[in-house]
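Structure first, commentary second.
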Amino acid sequence: MTEDARITIAEFERIVEESLPLAAAWKIETRALHHGRATLRLGFDAGFLRPGGTISGPIQMGLADVAIFAALLGAIGPVPGAVTSNLSINFLRRPKPSPLIAEARMLKVGRKLAVGEVELYSEGDPEMLAHVVATYAIPAA
């Protein structure tokens with residue numbers, strides 16, 4: 001059984017709107033939010049494509065970063081001052097020009113640092129596009 005999230009989807013989306021204007025402009029949708037887990041969806045936009053017709057790496061990294069932020073706030077509550085201190089991404093295959101799904105989970109949440117991972121998928125395709133591991137710095141309470 002999983003614990004309930006310490007923040008609601010509406011609270012998380014309000015934080016995104018107020019503190020992450022680029023993510024808000026991308027209209028990232030929070031599909032699920034649990035304690036230490038989150039699923040987000042980024043709708044397709046032709047502006048996300050790079051030459052060759054693939055979704056650019058910075059778009060994928062941005063979605064993954066927001067997904068880990070959601071999973072972290074699901075675990076610790078509304079702490080908008082938590083920031084990425086490291087992010088590593090392995091691009092596994094070329095994404096289709098379609099919406100992206102990010103499935104994030106926290107691996108460890110400490111008092112000052114938290115580590116999480118994200119799996120990125122093209123919507124409707126079970127093959128992982130990218131694997132992301134990130135560390136977040138949590139501000140002192």
**Message:** Ignoring hydrogens and geometry beyond distance, is a side-chain donor-acceptor pair present between Y121 and E123 at under 3.5 Å?
**Reply:** no

**Prompt:** So, H131 versus E117: side-chain donor-acceptor pair below 3.5 Å or not?
**Reply:** yes

Do the side chains of [Y] and [X] get nearer than 4.5 Å, heavy atoms only?
{"X": "K96", "Y": "D125", "answer": "yes"}
{"X": "T54", "Y": "P97", "answer": "no"}
{"X": "L20", "Y": "F69", "answer": "yes"}
{"X": "L107", "Y": "R105", "answer": "yes"}
{"X": "V115", "Y": "Y136", "answer": "no"}

Smallest separation among heavy atoms of [X] and [Y], with atom names:
{"X": "A67", "Y": "A104", "value": "O-CB, 3.4 Å"}
{"X": "Q60", "Y": "L100", "value": "CG-CD1, 4.0 Å"}
{"X": "A38", "Y": "A71", "value": "CB-N, 3.7 Å"}
{"X": "D45", "Y": "G47", "value": "OD1-N, 2.6 Å"}
{"X": "P95", "Y": "S122", "value": "CA-OG, 4.0 Å"}

Between [X] and [Y], is there shared hydrophobic-cluster membership here, with clusters defined by ILVMFWY side-chain heavy atoms closer than 4.5 Å?
{"X": "I101", "Y": "V118", "answer": "no"}
{"X": "L33", "Y": "I138", "answer": "yes"}
{"X": "V16", "Y": "L87", "answer": "yes"}
{"X": "L63", "Y": "I9", "answer": "yes"}
{"X": "V133", "Y": "I89", "answer": "no"}

Given 3.5 Å as the limit, does a donor-acceptor pair link the side chain of [X] with the main chain of [Y], or not?
{"X": "R6", "Y": "A75", "result": "yes"}
{"X": "T8", "Y": "E11", "result": "yes"}
{"X": "E18", "Y": "I15", "result": "no"}

Hey, could you give me the [atom1]/[atom2] distance between [X] and [Y], rounded to the nearest 0.5 Å?
{"X": "I76", "Y": "R111", "atom1": "CD1", "atom2": "CZ", "value": "13.0 Å"}
{"X": "S19", "Y": "R14", "atom1": "OG", "atom2": "CZ", "value": "11.0 Å"}
{"X": "L73", "Y": "M106", "atom1": "CG", "atom2": "CE", "value": "9.5 Å"}

**Audit row: L72, V109, side-chain contact (heavy atoms from CB on, under 4.5 Å) steps and yes/no** = CA-CA 8 Å; L72 175 63; V109 178; 4.3 Å; yes

**Message:** Could you walk me through whether V66 and F12 satisfy the side-chain contact (heavy atoms from CB on, under 4.5 Å) test, starting with their C-alpha distance in whole Å, then the side-chain angles of each, then the deciding distance to 0.1 Å, before giving a yes or no?
**Reply:** CA-CA 10 Å; V66 176; F12 174 70; 4.0 Å; yes

**Request:** Applying side-chain contact (heavy atoms from CB on, under 4.5 Å), run through L129 and F91 and close with a yes or a no.
**Result:** CA-CA 6 Å; L129 299 174; F91 298 104; over 6 Å; no

**Prompt:** When you look at CZ of R50, are more than 12 heavy atoms from neighbouring residues, nucleotides or ligands closer to it than 6.0 Å?
**Reply:** no

**SB check E29 R31 (cutoff 4.0 Å)** =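 A salt bridge links E29 with R31.
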
**Item:** Verdict with reasoning, L42 to F48, per side-chain contact (heavy atoms from CB on, under 4.5 Å)
**Value:** CA-CA 10 Å; L42 175 62; F48 296 160; 3.8 Å; yes

